[in-house]
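FYI, the numbering just counts along the sequence from 1. Every heavy atom of this structure was used, including side-chain atoms; hydrogens, water molecules and symmetry mates were not.
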Amino acid sequence: MGRQIVRRLFTLVPILIVVGFVTFMLGHLTPGDPAAVMAGEGATPEQVQLIRHSLGLDRPLWVQLGTWAVRVVQGDLGDSIFMQQPVGQAIVQRAEPTGLLALFSLLFAIVIGIPAGVIAAIRRNSWIDRLAMGVSLAGVCIPSFWLGILLILLFAVELHALPAAGYTPLSEDPGETLRSLLLPAFSLGLAHAAFLARITRSSMLEVLHEDYLRTACAKGLRRSAILMRHALPNVLVPVLTVIGNSTAILLSGAVTTEVVFNLPGIGRMMIQSIARRDYPVIQGVVLTVAVVYVLVNLATDIAYVFVDPRLRRES
């Protein structure tokens with residue numbers, strides 16, 4: 001297992017190089033000039049050129065790429081053009097709402113999706129199975145931003161039970177933080193719960209027909225013990241794959257959900273930076289997302305080894 005972890009960590013370097021290069025080139029080749037946006041509509045060409053020179057945007061593209069790459073190797077993602085602060089600091093400041101939103105959304109997905117998939121598999125072709133799969137199909141099809149708007153209308157506008165938008169930092173009031181994240185976390189986690197339920201059901205159906213489960217049943221073991229000790233551990237590998245992918249997607253920033261609920265997260269900052277052509281922020285966020293994806297996939301591979309003894313022997 002140790003060799004596998006080292007190999008995966010080494011793959012991080014070429015991935016980040018490719019992601020960084022592509023992001024840098026696409027960002028600078030996209031039409032638009034951040035200097036013109038900063039100068040305003042009434043600025044003269046001389047004023048725009050002066051801002052371009054102060055930002056280093058008038059230098060050759062390969063020089064800008066080299067300067068940025070050297071800074072990244074040193075752990076410096078550069079400074080935001082519009083926010084007037086280091087990119088790394090801006091990402092850290094907005095990591096709390098995005099991280100908590102991802103955590104709560106993932107908890108909703110696991111708590112709802114796995115039990116629903118197991119029950120649907122056990123009660124195959126029953127009304128419970130059809131109801132669970134119908135709800136999961138709706139959860140996959142319904143856009144999270146549309147569901148979020150419906151939840152705002154119901155729980156915030158009609159019932160006045162939860163805040164419609166905004167975010168309270170965890171250091172100020174943990175209870176209010178939880179209340180501000182309940183609606184966005186549920187609207188975002190429902191789609192992942194629906195997909196997780198369908199994967200759990202299909203994997204459980206394959207396992208329920210295995211010979212070792214018939215043997216355990218013939219020995220007189222209770223059905224709950226058979227499901228929990230023999231069936232469920234053998235469906236965890238595909239389930240962990242879905243959980244790992246969902247974690248990476250959620251941590252990378254749920255853009256539409258953060259916009260609908262006015263959450264000051266990484267995804268919302270990314271959208272604003274793209275509109276303003278804030279190149280350092282765009283490049284820094286994309287690199288951070290790439291690192292998150294690789295690390296989450298590495299953690300998922302490590303989890304495989306613990307849930308499946310056959311993989312532990314192979315590694």
Side-chain angles (χ1 to χ4, degrees), residues 101-159 161-162 178 181-247 249-250 254 256-257 260-261 300 303 307-308:
L101 175 62
L103 176 62
F104 291 144
S105 301
L106 189 64
L107 288 177
F108 275 124
I110 293 175
V111 171
I112 297 174
I114 294 181
V118 172
I119 294 174
I122 297 174
R123 305 293 184 181
R124 183 183 182 184
N125 295 328
S126 66
W127 68 270
I128 297 178
D129 182 21
R130 289 190 290 270
L131 176 63
M133 290 302 99
V135 172
S136 66
L137 180 60
V140 172
C141 298
I142 295 176
S144 60
F145 67 88
W146 185 73
L147 178 61
I149 294 174
L150 293 182
L151 293 175
I152 291 174
L153 292 175
L154 176 61
F155 290 97
V157 177
E158 296 294 335
L159 300 179
L162 294 171
L178 177 61
L181 289 176
L182 281 178
L183 293 183
F186 181 79
S187 64
L188 188 60
L190 182 61
H192 295 275
F195 187 62
L196 186 60
R198 299 180 73 87
I199 294 296
T200 303
R201 177 185 180 274
S202 61
S203 301
M204 181 65 75
L205 288 177
E206 295 178 1
V207 171
L208 289 177
H209 298 288
E210 295 291 337
D211 293 336
Y212 64 89
L213 288 186
R214 297 192 184 96
T215 303
C217 185
K219 289 181 178 180
L221 294 179
R222 291 179 300 177
R223 190 174 186 182
S224 59
I226 295 174
L227 292 175
M228 298 302 298
R229 293 175 54 186
H230 299 281
L232 189 58
N234 286 280
V235 305
L236 286 181
V237 171
V239 170
L240 282 176
T241 302
V242 176
I243 293 176
N245 292 333
S246 298
T247 303
I249 294 172
L250 293 171
T256 56
T257 302
V260 169
F261 289 93
T300 304
V307 302
D308 194 337

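Listed by first then second residue, pairs satisfying side-chain hydrogen bond (donor to acceptor under 3.5 Å, both in side chains) with a partner in residues 112-127 number zero, not counting sequence neighbours.
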Atom pairs and distances, donor-acceptor, side-chain atoms in residues 131-152, under 3.5 Å, two or more places apart:
| from | atom 1 | to | atom 2 | distance (Å) |
| --- | --- | --- | --- | --- |
| S136 | OG | A132 | O | 3.3 |
| S136 | OG | M133 | O | 2.7 |
| S136 | OG | R198 | NH1 | 3.2 |

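To the nearest 0.5 Å, atom CD1 of residue I112 and atom NE2 of residue H192 are 12.5 Å apart. Atoms CG and OG1, on L101 and T257 in that order, are 6.5 Å from each other to the nearest 0.5 Å. Atom OG1 of residue T300 and atom CG of residue L240 lie 7.0 Å apart, to the nearest 0.5 angstrom. Between atom CG of residue L190 and atom CZ of residue F195 there is a gap of 14.0 Å, rounded to the nearest 0.5 Å.
Judged purely by atom type and a 3.5 angstrom limit, S187 uses its side chain to pair as donor or acceptor with the backbone of P184.
The minimum heavy-atom distance linking G189 with A109 is given by the pair O-CB, 3.8 Å. Across T200 and L196, no two heavy atoms sit closer than the pair OG1-O, 2.7 Å.
Atom CZ of F104 sits in a crowded spot, with more than 12 heavy atoms from other residues, nucleotides or ligands closer than 6.0 Å.
No option in N245, I243, I249, L250 other than I243 meets the side chain to side chain contact (heavy atoms under 4.5 Å, CB included) test with T247.
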The test is side chain to side chain contact (heavy atoms under 4.5 Å, CB included); show your working for L103 and F108 and say whether it passes. CA-CA 9 Å; L103 176 62; F108 275 124; over 6 Å; no
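At a threshold of 4.5 Å between non-hydrogen side-chain atoms, the residues D129 and R201 count as touching.
Listed by chain and residue number, nothing satisfies the ring-ring contact (aromatic ring centres under 6.0 Å, His included) test with F155 (two or more places apart in sequence, or in another chain).
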